[in-house]
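For reference, the structure discussed in these notes is given below.
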Amino acid sequence: MRQVLYALIPGTLLMSWIFGWGVLTNLILATIFCLGFEILAIKLRQRSVKIALSDYSAVVTAWLLAISLPPMMPWWMLLIGCCFAIIVAKHFYGGIGNNPFNPAMVGYVVLLIAYPLQMTQWLAPSHMVEALPSLANTLGVVFAGADLTIDAVSMATPLDTLKTELGLSKTLGEIRSTALFGTLAGAGWEWIAGLYALGGLYLVYLKIIPWQTPVALIAGMGVMASVFTLAMPDHFAPPTFHIITTGCILGAFFIATDPVSGCSSTKGRVIFAAGVGAIAYIIRGWGGYPDGIAFGVLLMNMAAPLIDHYTVPKAYGQSS
Amino acid sequence: MSSSNQKITPFHGGLHLDGHKQVSTQTPIASIPVPQYLHIPVPHNSEVTATVGEHVLRGQALTTSSNSMTPAIHASSSGTVRAIEMHAVVNRSGQLLDCISIETDGNDKSIEPLAALKPSADNKQECLDRLRECGIVGLGGAGFPTAIKVATDKSIDTLIINAVECEPYITCDDMLMQEQASRVINGAETLASIVSAKEVLIGIEDNKPEAIKAMQAAASNAERGKIVIVPTIYPSGGEKQLIQLLTGKEVPSGGLPADLGVVCVNTATATASYDALHQGLALTERIITVTGAGVKKPGNYLTRLGTPISKLLDFAETDHKVYQQLRMGGPLMGIPVKDTSSPVVKITNCILAEAAQPQHAEQPCIRCGDCVRVCPAKLLPQQLYWFTRATEFEKAEDHGLFDCIECGCCDYVCPSNIPLVDYYRHAKFEANNIKSERIRSDRARIRFEQREQRLERKAEEKAALRAAKLKKLKEREEAKAAQQEGTQDNKQDEIAAALARVKAKKEKTND
Ligand code: SF4
Ligand code: SF4
């Protein structure tokens, strides 16, 4: 799983470049909390800590959670998220291999439901503000709950903005003409998504993840988006806009590819990933939350055993 | 007839392994001297005909079986039967087995060979009997009686000679082909005649150029026999995988290669079959690869069956301090050797001394799916594992448990070091138990139901009988009663008549 971490590095670096220190505080705190909870759980369950940590799965969970959350999360929210991810979603179910739900997504969704306001406030990307919050400011927000001039620098994500403004019956063209949006998707965001995709392709190349999963997820989202865009081009963003988001790319390459909570066979995985893409699109369009990847993953996690049941591949000699 | 333009159909999964084959192919095949003691395990459902104290000759049968298909076992040198008792053997259960122990006399005298038999379409049964009489079984590792394999009454198009030898370290077939290619071709020809096969395909992995060359030369003047070079990927020597490689067809689940018109036999088995039919010789020796860590003279050794493994190791100058574990067979499918006094048997193709490997403890399955990618049977090994752990053996069966060929590819790649094949063996055992348990209980239930029915019928018959009796009795009583009534009536009539008479008389007197 170390390769997975390597693959996340370029995207994460660019993300911190664009959003500032808050990305790194998220990352460092989540890693510390997740490792701490992992060690605690393993100790309580009287297993070998060394072996449990050697697969890096807790760090991967921490990183995925950290980069999904808005930067500069207060430490206690990260603590709650990591606790749910590691203790509840993973060890309550019997530890790695036994968890039916993706731990990082459980942590994310718990925070999203409990603190919807904070969870939808992202920092503005660097090109839209004069200066990103300084390290001192960041630490103040994270640890001391300093309220900093948060309104000045925080705003909704491009996806969220799109949804809100479409709700205000603006046309797509008007919405996308603001500085928040770039050529294909969110300004700045599209580059982050691109680097994450690059990391994902590296994993595909190494055969650490099967290529079918990202393809199916992107196809699931792309097909949905295409259908609606073709029907009403003024009201629905084109597939490229939906696909080139960090949510979709992280989901396709790093989250839906989690083998533990996913499906077993190739066919099952394709159904699983396409389902995540389609559900995410529906939630983006009509749900109460700006992004739906996390919900899509959790819903498909629930369906995974059923999909597995119906997609047992034909063994050698069983086809005739 | 030795070109190699056969289309190769790759199978799913498999592993690219380091072959370690050159180690044991540097020297020609050498013979191991006949040891002082030979221990020959008595096969299942066989009866020992030899007696303690009896002097036996090489090639003399030691057992018979009521099962006409069970191949005999033979004394592999001349000597005196000293004991028929439990002895250590190599098997997975670690149980002792009945063995016939022969103290050899050093003369190595043989019985008269049987008359040569030329197989043709008319004497198939005779040939089958000969194969069984000479104790021919699959020498590739499965030990399946060859007579049963070729006894099929299905029409056979293709005889496949499995000369793939895909498991690392093992080179006994490779060396056999390098040194005795024409015997292999003769063996193939013999078997092809028995099953009336139209074509003979000899599959060899491309990592054995010497053997390929020798075989192509030998096949060039044979009637049938086409050398097909297959890619080196484990387990291309699995019967089902080789059939898929060469014919593109899959042996149906639960079926036999003969269902596809194919019979597949190992190289050494083919030569042993040739010896049995044309030379009239029983199977008493085989070539065994001795190799691995601490083996100073790795190579192939022609060894009498029943020779203790320790003798082979000594002959190959093995340093017992170097290796950690011994295996009979290759690193993936071989059986651990617990006691080196165990004898080599017909299926012993290799004695492998394995170096100490870092031991990793078994970890939970993280469902990474690596096992799925390599499984040549196209199964979901991790699901089989979960079902086995949950003792849901029937579900495991639904997921193709019995299609697992126990190749060990999944084990090999599992990052959690789960001994998956051990789980599947256990699951197969349990699933079979459940099945036979069900058959038993079904039988018991049927017996019970039949008994119930019988009892019921008896009870009914009894009841009917009783009813009939009762009816009769009643009738009789009624008849009696009627009679009695009748007599009473008569009496009353008589009385009445008498009274009437008296009355009349009285009246008369009154008048
Ligand atoms: S390779 Fe091992 S850990 Fe991975 S899915 Fe298979 S059994 Fe589980
Ligand atoms: S041992 Fe069985 S399950 Fe494992 S790879 Fe081989 S056939 Fe598949």
Side-chain angles (χ1 to χ4, degrees), chain A residues 1-4 42 45 47-48 50-58 60-61 90-91 93-100 102-103 206-213 257-269 272 301 304-305 307-320, chain B residues 11-14 235 238-241 243-244 249-257 259-260 360-387 389-390 395-405 407 413-418:
Chain A
M1 291 248 225
R2 230 177 340 182
Q3 298 293 341
V4 177
I42 292 288
R45 297 176 62 210
R47 307 278 164 103
S48 154
K50 207 174 125 218
I51 290 173
L53 295 188
S54 66
D55 67 6
Y56 289 88
S57 61
V60 171
T61 300
K90 188 160 148 194
H91 285 287
Y93 285 95
I96 184 150
N98 296 295
N99 47 308
N102 185 310
L206 289 183
K207 296 211 168 118
I208 287 175
I209 56 171
W211 60 268
Q212 290 94 341
T213 303
T257 45
D258 169 31
V260 178
S261 54
C263 288
S264 309
S265 67
T266 301
K267 209 167 152 200
R269 287 188 180 137
F272 180 94
N301 283 163
I307 299 172
D308 265 348
H309 182 82
Y310 286 105
T311 53
V312 180
K314 283 222 171 0
Y316 175 104
Q318 288 188 342
S319 41
S320 45
Chain B
F11 55 88
H12 179 261
E239 184 171 81
K240 291 177 170 180
Q241 280 62 44
I243 290 172
Q244 189 172 14
K249 289 185 261 188
E250 292 185 4
V251 179
S253 174
L256 291 172
D259 298 340
L260 303 175
H360 296 292
E362 180 178 342
Q363 294 300 312
C365 167
I366 52 167
R367 300 175 58 90
C368 63
D370 286 355
C371 48
V372 181
R373 252 169 271 169
V374 297
C375 177
K378 293 191 279 186
L379 300 171
L380 297 174
Q382 84 276 45
Q383 300 292 79
L384 292 180
Y385 162 75
W386 283 96
F387 293 137
R389 295 238 352 195
K395 261 214 183 126
E397 238 189 293
D398 290 344
H399 278 67
L401 175 64
F402 284 96
D403 293 309
C404 163
I405 57 166
C407 64
V413 296
C414 178
S416 293
N417 303 301
I418 305 173

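For Arg47(A), no part lies near chain B; criterion is any non-hydrogen pair under 4.5 Å. Looking at Lys249(B), the atoms closer than 4.5 Å to chain A (heavy atoms on both sides) all sit in the backbone: N, CA, C or O. Contact of Pro415(B) with chain A is not made at all, since no heavy-atom distance falls under 4.5 Å. Residue contact with chain B, scored on non-hydrogen atoms closer than 4.5 Å, involves the backbone and the side chain of Ile96(A) alike. Only the side chain of Asp308(A) comes within contact range of chain B, judged by heavy atoms closer than 4.5 Å.
Looking only at side-chain heavy atoms (C-beta outward), Ser264(A) and Val372(B) stay at 4.5 Å or farther from each other.
One distance of note links SG of Cys368(B) with CE of Met1(A); it measures 9.5 Å at 0.5 Å rounding. Considering OG1 of Thr266(A) and CZ of Arg373(B), their distance stands at 8.5 Å, rounded to 0.5 Å. For the atom pair NZ (Lys395(B)) and NE2 (His309(A)), the distance works out to 7.5 Å, reported to the nearest 0.5 Å.
Heavy-atom contacts from other residues, nucleotides or ligands closer than 6.0 Å to CZ of Phe402(B) number more than 12. By the 6.0 Å contact criterion, CZ on Arg2(A) is open, its count of non-hydrogen atoms from other residues, nucleotides or ligands being 12 or less.
Nearest heavy-atom pair across Trp386(B) and Asn98(A) is CH2-OD1, 2.9 Å. Contact between Arg367(B) and Gly262(A) at its shortest, heavy atoms only, is NH2-O, 3.8 Å.
Here Lys378(B) is the residue among Gln244(B), Gln363(B), His399(B), Lys378(B) with the most heavy-atom pairs under 4.5 Å with chain A. Of the listed residues (Asp398(B), Leu379(B), Leu380(B)), the greatest number of heavy-atom pairs within a distance under 4.5 Å of chain A belongs to Leu380(B). Contact count versus chain A (heavy atoms, under 4.5 Å) is highest, among Ser416(B), Ala377(B), Gly400(B), for Ala377(B).
Legend: residues meeting salt bridge (Lys or Arg N to Asp or Glu O under 4.0 Å) with Lys267(A), ordered by chain and number and at least two apart, are absent. Among residues two or more places apart in sequence or in another chain, the side chain to side chain donor-acceptor pair (under 3.5 Å) test is passed with Tyr385(B) by Arg389(B).
A donor-acceptor pair is defined here as one N or O able to donate and one able to accept, closer than 3.5 Å; no such pair exists between the side chain of Tyr316(A) and the backbone of Cys375(B).
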